[in-house]
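Worth knowing before you read on, the calculation uses all heavy atoms, side chains too, and leaves out hydrogens, waters and symmetry mates.
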Amino acid sequence: MQTFKTSKAKENILARVRKGLNDGKVDMPFPEVEKESVDKVYANSTLSIEETFADAFIKLGGKFVYCDNEQELMENIANLHESNGWGKMLCSDSRMAELFQNNKLDIVRSLAQGHIETEVCITDCETLVARTGSVILTSKQFMGRTAPVFYPVHIIIAYANQIVPDIDDAINLMKKRYSNNLPSMINLNTGPSRTADIEKTLVVGVHGPGEVFCFYVNA
């Protein structure tokens, strides 16, 4: 294999560049912004944190369903399944799958019962981000990598203690939860998959689910 030697002049130039990068210190632009509160950056809202998430999530094309308790959650999912004529739905979260089983909803199948061909997958989530209407999913969850991109319909179940105001709050929560063992993948999932790369025409469901539901349980 032929090798090429770097000329002395070129090496001298690169050495000076490296030294300049190591010695040079660039101050943070607009440091005063870091000291300002979020309230000064974003407009104040009269909406509650739940309403803020629901509003942002719906604007992104997501479908938000409020449930007072888990019994209402079961009823709403059963009604959604019937109205759409879906087949079996896969649930990746073991606790939630057990809840469906205890309520005799055989329309939902758990991973323990074996993989099925389905267009609908039900998962839990790490947290909800109110301001952006986003859902945090990670590789620490069962099917955390697969569910957000593989199935045409993604149903997310979240509880009242899982919602935070903004993205930095979500990151801090993840750091607190996992300490130095952060998940290898943290996905900020914001609405159904969409792209406008082809002739600037918006197409939904190209790189992931075309429909995303969030069932919010106020418990």
Side-chain angles (χ1 to χ4, degrees), residues 1-44 52-53 56-57 59-62 92 111 115 121 123-152 154 156 158 162-210 212 214:
M1 182 178 65
Q2 185 178 7
T3 58
F4 297 91
K5 293 183 179 180
T6 303
S7 68
K8 186 175 180 180
K10 184 177 180 180
E11 183 54 42
N12 289 337
I13 294 172
L14 292 175
R16 288 198 296 270
V17 170
R18 295 189 198 100
K19 186 176 186 304
L21 291 173
N22 288 330
D23 296 342
K25 181 180 178 182
V26 180
D27 295 330
M28 178 183 293
F30 311 112
E32 65 278 2
V33 173
E34 293 294 317
K35 299 177 183 179
E36 293 182 359
S37 68
V38 174
D39 293 336
K40 293 182 180 179
V41 178
Y42 302 110
N44 292 326
T52 300
F53 173 82
F57 186 74
K59 285 179 179 177
L60 290 163
S92 66
L111 285 175
H115 182 73
C121 185
T123 74
D124 59 345
C125 68
E126 294 282 1
T127 186
L128 305 178
V129 181
R131 189 179 67 81
T132 61
S134 304
V135 181
I136 301 290
L137 304 165
T138 74
S139 55
K140 293 286 187 181
Q141 300 169 253
F142 289 110
M143 298 180 68
R145 296 180 183 273
T146 308
V149 295
F150 183 74
Y151 297 91
H154 185 194
I156 301 158
Q162 290 182 280
I163 190 167
V164 296
D166 212 339
I167 294 175
D168 57 341
D169 300 299
I171 296 300
N172 290 333
L173 178 64
M174 298 298 293
K175 289 179 179 178
K176 182 178 180 180
R177 180 174 296 166
Y178 293 109
S179 186
N180 294 326
N181 190 29
L182 282 171
S184 59
M185 184 214 71
I186 300 177
N187 180 14
L188 186 70
N189 194 296
T190 309
S193 166
R194 66 190 66 207
T195 182
D197 291 342
I198 303 173
E199 297 183 357
K200 297 183 179 180
T201 301
L202 181 64
V203 181
V204 177
V206 175
H207 307 299
V212 178
C214 179

Approximate separation, where rounding is to 0.5 Å, of [X] [atom1] and [Y] [atom2]:
X	Y	atom1	atom2	answer
F53	I163	CZ	CD1	6.0 Å
I186	L137	CD1	CG	11.0 Å
T52	F57	OG1	CZ	14.5 Å
N189	L60	CG	CG	10.0 Å
H154	S92	NE2	OG	7.0 Å
I136	D169	CD1	CG	11.0 Å

For this session: Determine the minimum heavy-atom distance between C125 and A158, stating which atoms define it.
Result: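 Taking C125 first and A158 second, the nearest heavy atoms are SG-CB, 3.8 Å.
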
Under 3.5 Å, sequence neighbours excluded: what are the donor-acceptor pairs made by side chains of residues 139-148?
| from | atom 1 | to | atom 2 | distance (Å) |
| --- | --- | --- | --- | --- |
| S139 | OG | S184 | N | 3.3 |
| S139 | OG | S184 | OG | 3.2 |
| S139 | OG | M185 | N | 3.2 |
| Q141 | OE1 | T138 | N | 2.8 |
| Q141 | NE2 | D124 | O | 3.0 |
| Q141 | NE2 | D124 | OD1 | 2.8 |
| R145 | NH2 | S184 | OG | 2.5 |

